[in-house]
There are 2 protein chains.
Amino acid sequence: MRQTDQTAGRRRGATIIDVARVANVAVGTVSRYINGQTIRRSNREQIERAIQDLGYRRNAAAASIRTDLTHMIGFLVPTFDEFHARMLEHLAHSVRQTGRALLTYCHGGDPRVVAEALDFFAAQRVDALVMDGTAEVYDRVDDLIKHDIPIIFYNNDVRGLAADRVMVENQRASHRIVSHLIDLGHSRIGILTGDPRNSSGIERLAGYEQALSDRGITIDPALAARGNWRMDGGYEATKRLMSLQTPPTAIFSANYGMAVGALSWLKENGRHVPEDISLASFDDVAIFRLYEAGITAVAQPVASIAETITDILVERLTEPSGDATRNVILECDIILRGSTRRIN
Amino acid sequence: MRQTDQTAGRRRGATIIDVARVANVAVGTVSRYINGQTIRRSNREQIERAIQDLGYRRNAAAASIRTDLTHMIGFLVPTFDEFHARMLEHLAHSVRQTGRALLTYCHGGDPRVVAEALDFFAAQRVDALVMDGTAEVYDRVDDLIKHDIPIIFYNNDVRGLAADRVMVENQRASHRIVSHLIDLGHSRIGILTGDPRNSSGIERLAGYEQALSDRGITIDPALAARGNWRMDGGYEATKRLMSLQTPPTAIFSANYGMAVGALSWLKENGRHVPEDISLASFDDVAIFRLYEAGITAVAQPVASIAETITDILVERLTEPSGDATRNVILECDIILRGSTRRIN
DNA sequence: TTGTAAGCGTTATCAA
DNA sequence: TTGATAACGCTTACAA
């Protein structure tokens, strides 16, 4: 009996049964009305009035245990830096238009939190999971896939999993921007690399190396300074590069966070961009448009990435049973600004 | 019969019943094990093996229809700019440590989307809702409160609702930073105001005006240029201020987005900061630390805001039944940098 | 189109 | 501690 139920943590609201009783119809009829099926007009009006009077609200959780559809998409990222925040904004927007929302989790690079997040998503029965691929969690993600939860990777891939992927042409874009530096007369070009366990880090480094060798420039391992995608890593890596016997005349940063660290070190040490050194970076963020003469950058098509992810999502969730995994690779733009300068 | 059930959209996994059967115990026992109650050792081992073998995963949605607890917190923001992204990151972190996650929705300033979000949260039965207050939705939020969903406002308040609030001392911080400009000899100080429907916009403007009148400076309405919190609004508002007969010698921006717009206009028009004009802003963001000599700013205690919200959340969700609403107001720091300069 | 009733996967009560 | 079983709020055959 509801009134004597001690278990409810909070006052329970009206249910579909209450609505049916007040409207003098069967629960099935109310359910059909709620789900947009055709209903006799008189019934519809009575149901609407009952819903109004009772302040009834459908319980999606209850529905989901029958339908196995929660209308929630898991979204797992390492951090909410500008890149991921923009992804989130675009993704939230496109996913919203399909009647779904994002259950977000931020792992901060901690594998235990990643595992925790995947468990949480599995328990909540998210309809699908969108994540920036992180290695080390191969098994746990595979487990989700075995439980028929579609996974879509973006930004970084985890090879060998039956997941969809929406990536950008990391290697080609890096090749193009480094080639631009070479065109400007640079041959001693440093790179701030990301985490070598990340596919985008590997590919961006490969694009850099390919561009150099395509132009007959010997690759000097000392010019590849390892960062960690973050500002502090870029700062330290830049310091190392600039302390070399023969420092580079140009630096390419594999992401924007490290580029900000580079700018910070250069500024503190009185090196001017582009007079003393040219700088180019992956990712196009607000600060690059504003900083002094602007920073030359690779612009990722964030909106397209989000839309493509949503398209794949809807496809996976509506099509009978998806066949082959999809692997979309989107193009990037190179935005030339004042931070890259001709030398000699 | 499971095998013939046509309704399942996807392969259904093992249930607690399956686990009980394989482990040779009752479902109640499995449930108790899952929820951390004491279990006879032999049973525990058999249950653990069964869970392992079956790849069982608890269905949180099913549990929630009995417990009325989803372990999801709704998070509603207008946009994922740097301020809200940082809030999200901190909030996700602190909320995670209580075993919950954030169901995020981004409304982009559209009241229809706000309404949609609130309906979605209500249907999903989020345990609580954290939101940047938006006017115009008084009734719908009140409806959620009537359904016993705790609401916590941050950044902007909506007066008159039985909700908790975690705000910052907008007026006092603005007063302090404007007073600093006056100390430097400025008397013709412009302000880029936010949306006047937002409580923080009102309070920051009030702090500005109070600072002026406290020092006997007449308030010139022409010096209050209305922005929209965004870069484009700040750009246009700055243009208007700088086109006045007697332009200001200093500008205070009520948030960082408009300050970036101001920097953009000033740069395009060859005005240097701080030589030609001083600039100070609410919000302390990455670009302010890096931009030329740095931008003087009000630093909001984002981490504290998030932690306070989480504390209140936990309190509301565990205490018998919350009494009075809480109204926390946190202090801000003024960070002095190179963008504000003494004149005369 | 409607009513009836059997699930869905949990939790919680109650007697043992 | 455990087992058996009645909720929880909804969807969906199935029969009318």
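Protein chains get the first letters and strands the later ones, always in sequence-line order, with residue 1 at the start of each.
- A:Ile16 places its CD1 atom 8 Å from the C1' atom of D:dG9, with the value rounded to the nearest Å.
- Atom-to-atom, NE2 of A:His71 to C1' of D:dC10 comes out at 13 Å; the value is rounded to the nearest Å.
- Between A:Ser31 and D:dT11, a side-chain N or O to OP1/OP2 separation shorter than 4.0 Å is present.
- Among residues two or more places apart in sequence or in another chain, the side-chain hydrogen bond (donor to acceptor under 3.5 Å, both in side chains) test is passed with B:Arg326 by B:Glu315.
- Recorded end-axis angle for the helix from C:dT1-D:dA16 to C:dA16-D:dT1 stands at 30°, based on five pairs per end and rounded to 10 degrees.
- The nearest whole Å value for the distance from the CD atom in B:Gln37 to the C1' atom in C:dT10 is 14 Å.
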Audit row: B:Lys146, B:Asp142, salt bridge (charged side-chain N to carboxylate O under 4.0 Å, His left out) steps and yes/no | CA-CA 6 Å; B:Lys146 293 226 179 69; B:Asp142 197 39; 2.9 Å; yes

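- If you measure from atom CD1 of A:Ile65 to atom P of C:dA6, you get 17 Å, rounded to the nearest angstrom.
- Counting only residues at least two apart or in different chains, salt bridge (charged side-chain N to carboxylate O under 4.0 Å, His left out) contacts with residues 102-121 of chain B comprise A:Arg57-B:Asp119, A:Arg96-B:Glu116, B:Asp110-B:Arg112, B:Asp119-B:Arg140.
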Next item on the list: Show your working on side-chain contact (heavy atoms from CB on, under 4.5 Å) between A:Val166 and A:Ile329 and close with a plain yes or no.
Entry: CA-CA 6 Å; A:Val166 180; A:Ile329 296 183; over 6 Å; no

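- For the side chain to side chain donor-acceptor pair (under 3.5 Å) condition, the pairs that include at least one residue of residues 301-313 of chain B, sequence neighbours left out, are B:Ser94-B:Thr310.
- Judged as a side-chain hydrogen bond (donor to acceptor under 3.5 Å, both in side chains), and not counting sequence neighbours, the contacts of A:Asn155 are A:Asp132.
- Between A:Arg66 and C:dG9, a side-chain N or O to OP1/OP2 separation shorter than 4.0 Å is absent.
- Partners of A:Thr104 by side-chain hydrogen bond (donor to acceptor under 3.5 Å, both in side chains), not counting sequence neighbours: none found.
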Using nucleotides 1-5 of chain C, report all nitrogen or oxygen pairs with the protein that are shorter than 3.5 Å.
{"unit_1": "C:dT1", "atom_1": "OP1", "unit_2": "A:Thr38", "atom_2": "OG1", "d": "3.4"}
{"unit_1": "C:dT1", "atom_1": "O3'", "unit_2": "A:Arg40", "atom_2": "N", "d": "3.4"}
{"unit_1": "C:dT2", "atom_1": "OP1", "unit_2": "A:Arg40", "atom_2": "N", "d": "3.3"}
{"unit_1": "C:dT2", "atom_1": "OP1", "unit_2": "A:Asn43", "atom_2": "ND2", "d": "2.2"}
{"unit_1": "C:dT2", "atom_1": "OP2", "unit_2": "A:Arg40", "atom_2": "N", "d": "3.4"}
{"unit_1": "C:dG3", "atom_1": "OP2", "unit_2": "A:Ala26", "atom_2": "N", "d": "2.8"}
{"unit_1": "C:dG3", "atom_1": "OP2", "unit_2": "A:Thr29", "atom_2": "OG1", "d": "2.5"}
{"unit_1": "C:dG3", "atom_1": "N7", "unit_2": "A:Arg32", "atom_2": "NH2", "d": "3.3"}
{"unit_1": "C:dG3", "atom_1": "O6", "unit_2": "A:Arg32", "atom_2": "NH2", "d": "3.0"}

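- Between the C1' atom of C:dT11 and the CG atom of B:Asn59 lies a distance of 13 Å, rounded to the nearest Å.
- With sequence neighbours excluded, the residues that form a side-chain hydrogen bond (donor to acceptor under 3.5 Å, both in side chains) with A:Thr70 are A:Asp127.
- Among residues at least two apart or in separate chains, ring-ring contact (aromatic ring centres under 6.0 Å, His included) pairs with a member in residues 111-135 of chain B are B:Tyr105-B:Phe120, B:Tyr105-B:Phe121.
- For residues 45-57 of chain A, proximity to DNA chain D is found at A:Tyr56, A:Arg57, defined as any non-hydrogen atom under 4.0 angstrom from a strand atom.
- Sorted by first and then second residue, the ring-ring contact (aromatic ring centres under 6.0 Å, His included) pairs with a member in residues 25-74 of chain A form an empty list; sequence neighbours excluded.
- The phosphate of C:dT11 (OP1 or OP2) has no side-chain N or O of B:Thr67 nearer than 4.0 angstrom.
- OP1 or OP2 of D:dT11 lies within a sub-4.0 Å distance of a side-chain N or O belonging to A:Asn35.
- Following rounding to the nearest Å, B:Tyr33 (OH) and D:dG3 (P) show an atom-to-atom distance of 16 Å.
- Atom CD1 of B:Ile17 is separated from atom P of C:dT10 by 8 Å (rounded to the nearest Å).
- Residues A:Arg125 and A:Asp68 are not paired through a salt bridge, judged by the lack of any N-O separation under 4.0 Å between the basic side chain and the carboxylate.
- Screening residues 157-166 of chain A for salt bridge (charged side-chain N to carboxylate O under 4.0 Å, His left out) gives A:Asp157-A:Arg159, A:Asp157-A:Arg165, A:Arg159-A:Glu203, A:Asp164-A:Arg316 as the qualifying pairs, with residues at least two apart or on separate chains.
- Computed from coordinates, the A:Asp68 CG to D:dT12 P distance equals 11 Å when rounded to whole Å.
- Between A:Arg125 and C:dG9, a side-chain N or O to OP1/OP2 separation shorter than 4.0 Å is absent.
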